Number of protein chains: 2
Amino acid sequence: MSKLFVTERRHKIMEILNKEMRLTVKRLAGELDVSEVTLRSDLKEMEKEGLLRRTHGGAMLPSYPGEEVSFSAREKQNKNEKVIIAQQALDIIKEGQCILLDASSTALELAKLLKQKNIKLTVVTSGIYTALELRENPDLTVILLGGVVRKGSSSLEGILGSNILDQVYVDIMFTSGNGFTFETGLTDFNVYEVELKTEMVKKATSLVALMDHSKIGKSSISSFARTDDISYFITDQTLTKEQYNNFEKRNIEVLCPVEA
Amino acid sequence: MSKLFVTERRHKIMEILNKEMRLTVKRLAGELDVSEVTLRSDLKEMEKEGLLRRTHGGAMLPSYPGEEVSFSAREKQNKNEKVIIAQQALDIIKEGQCILLDASSTALELAKLLKQKNIKLTVVTSGIYTALELRENPDLTVILLGGVVRKGSSSLEGILGSNILDQVYVDIMFTSGNGFTFETGLTDFNVYEVELKTEMVKKATSLVALMDHSKIGKSSISSFARTDDISYFITDQTLTKEQYNNFEKRNIEVLCPVEA
DNA sequence: ACACAATTTATAATATTTTTTCGTTTAATT
DNA sequence: AATTAAACGAAAAAATATTATAAATTGTGT
């Protein structure tokens, strides 16, 4: 097998991990034919991005809410940022609309806020936990898309369930992702999830990106929306003038907290 | 079996403990293939986290002061009946099949058993918790149907998601319900859930009813399967000769526990 | 071809996990 | 209560895995 690029290798690691749910550094080294040191640095990076959980000797899929394991510290830390983003997103939503939420944790935060509101909405989502959260509020009609469910992901995957989308008219889609650059648009790493997200983006009249500042300037493996598709870009920190201008040039409305 | 990670091992310990309610260090050492010392340190840690209570030679589930015996006993009783039914259902399933599970708690028990098996299957379900349970096992391809999610129900409702069913070939459907009589067939009370179940029944090559004895002879508001649709009827108590003959007459195979 | 940067590897020092050993404690039995 | 076998805890030893650092490799641009 020819040498892989870093990105390709990490992609492969995720593939293996998704299939097997666990992996050892040793086996990986044999399989991918690189040194263990290299893989450890891969795994370290990937853990920082929340793609997996490191253990001695290997790595496992991260555990998600709903499982008995306690939340990782990282989850909790980023929560504030997600709430800040979700609160701003609320302002865009109007009574009676039909909105689409992906399975991201930011959209889950938005769902938690919606649960407490007195506003009639139809919400379509690909996130299982998002749906479970929203159903608590009887003002909301909650539709969960169908598809493949896999360990390590609370999202539905694949386009099996996308024909539900043909049966509803969607005003706004709220989505997050693993990275955003002006060139690549919104990107994510799970190919199957991206497959579904791409379909979701197509259906939405307007697209709202929910991206915390750490994701700006990064890009992941596969893209599910071009920059031109985006109508609103919501983030948790004030942007640089240059970034701001770039958004303005493309007619994208930016929402971020006012200067502290 | 390859060496487990610490996390995995402790997870397994909890699994065993939850099932057996008690465990000995010695047996664990044999089962998990690590030294007793290692396990003792595991148990010590886990006790600190409140996951279990240490004893000489082993560990037990922690007992909570306010535990109400009556309620939990009754719960368990009901659960046992479901487990008895689910275990019999297992025998019908063959490697490589595609099965359909509804959102009933009996089907959820079946899912829990399947989670522990080493058998490759495709499982399509309308139960959210059923899907979450099954995804833990990588041998299983889990497909969740889409649809409306409502408060108080962990089932998907309505036929929105039923076109996923057109894309898979289903060998067996396992379903429960609120009532069964020979005249009305299988019945349930939630009309929207029934709407989806009806579609599911149509798709399955063979239909297996999972009904505890208390439901036999009762009938609910709407029917989702005629008696003639049923291939197997699984229950938790021995039937009367009359009931048995009635099933036989219609060519329905009955599975129930052998006389005590 | 050269220098520069990025990536990967080798190696050695650390750190973690597991087992072994052994004296002590506990529980069961006489 | 004395005896005995099993279970325990502490600490050293062994086995693995990780990190840091420097060296080697590869790719890039000039």
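Letters A, B, ... are given to chains in the order of the sequence lines, protein chains preceding strands, and every chain is numbered from 1. These figures come from a predicted structure and were not determined experimentally.
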| field | For Asn163(A), all residues meeting side-chain hydrogen bond (donor to acceptor under 3.5 Å, both in side chains), sequence neighbours excluded | value | none
| field | d(CG, Asp33(A); P, dT26(D)) in whole Å | value | 13 Å
| task | May I have the distance from Asp42(B) (atom CG) to dT19(C) (atom C1'), rounded to whole angstrom? | result | 13 Å
| request: Whole angstrom is fine here: how far is it from CG in Leu43(A) over to C1' in dT18(D)? | output: 12 Å
| note | side-chain hydrogen bond (donor to acceptor under 3.5 Å, both in side chains) filter on Ser105(B), not counting sequence neighbours, yields Lys82(B)
| remark: Between its two end axes (five pairs each) the helix from dA1(C)-dT30(D) to dT30(C)-dA1(D) turns, nearest 10 degrees, through 30°
| message | If I take atom CZ in residue Arg27(A) and atom P in nucleotide dA17(D), what distance separates them, rounded to the nearest angstrom? | response | 13 Å
| said: Less than 4.0 angstrom from a charged side-chain N to a carboxylate O is my criterion; do Lys202(A) and Glu199(A) meet it? | reply: yes
| Partners passing side chain to side chain contact (heavy atoms under 4.5 Å, CB included) against Thr24(B) (at least two apart in sequence or in another chain) | Arg22(B), Lys26(B), Arg27(B)
| Roughly how many Å is it from CZ in Arg10(A) to P in dA6(C), rounded to a whole number? | 14 Å
| request: Specify the closest pair of heavy atoms between Gly127(A) and Ala103(A), including all atoms of both residues, with the distance to one decimal. | output: CA-CB, 3.5 Å
| query | What residues form a side chain to side chain contact (heavy atoms under 4.5 Å, CB included) with Arg40(A), not counting sequence neighbours? | reply | Val25(A), Glu36(A), Arg54(A)
| task | Mind checking side-chain hydrogen bond (donor to acceptor under 3.5 Å, both in side chains) for Glu133(B) and listing every partner two or more places apart, or none if nothing turns up? | result | Lys115(B)
Below 3.5 Å between N/O atoms, which protein atoms pair up with nucleotides 7-11 of chain D? Just atom names and distances, please.
| residue | atom | partner | partner atom | Å |
| --- | --- | --- | --- | --- |
| dA7(D) | OP2 | Lys26(B) | NZ | 2.9 |
| dA7(D) | O3' | Gly57(B) | N | 3.1 |
| dC8(D) | OP1 | Arg54(B) | NH2 | 2.5 |
| dC8(D) | OP1 | Gly57(B) | N | 2.6 |
| dC8(D) | OP2 | Arg40(B) | NH1 | 2.5 |

| task | Could you state the atom-to-atom distance from CG of Leu39(A) to C1' of dT18(D) in whole Å? | result | 13 Å
| remark: Residues passing the side chain to side chain contact (heavy atoms under 4.5 Å, CB included) test with Ile230(A), sequence neighbours excluded, are Phe180(A), Leu186(A), Leu207(A), Ala209(A), Ile252(A)
| request: Would you please name every residue forming a side chain to side chain contact (heavy atoms under 4.5 Å, CB included) with Ile84(A), sequence neighbours left out? | output: Gln88(A), Asp236(A), Pro257(A)
| field | dT8(C) OP1/OP2 closer than 4.0 Å to side-chain N/O of Thr38(A) | value | no
| task | For Leu4(B) and dA17(D), give me the distance from atom CG to atom P, rounded to whole Å. | result | 14 Å
| Length of the CD-P vector between Glu45(A) and dT19(D), whole Å | 12 Å
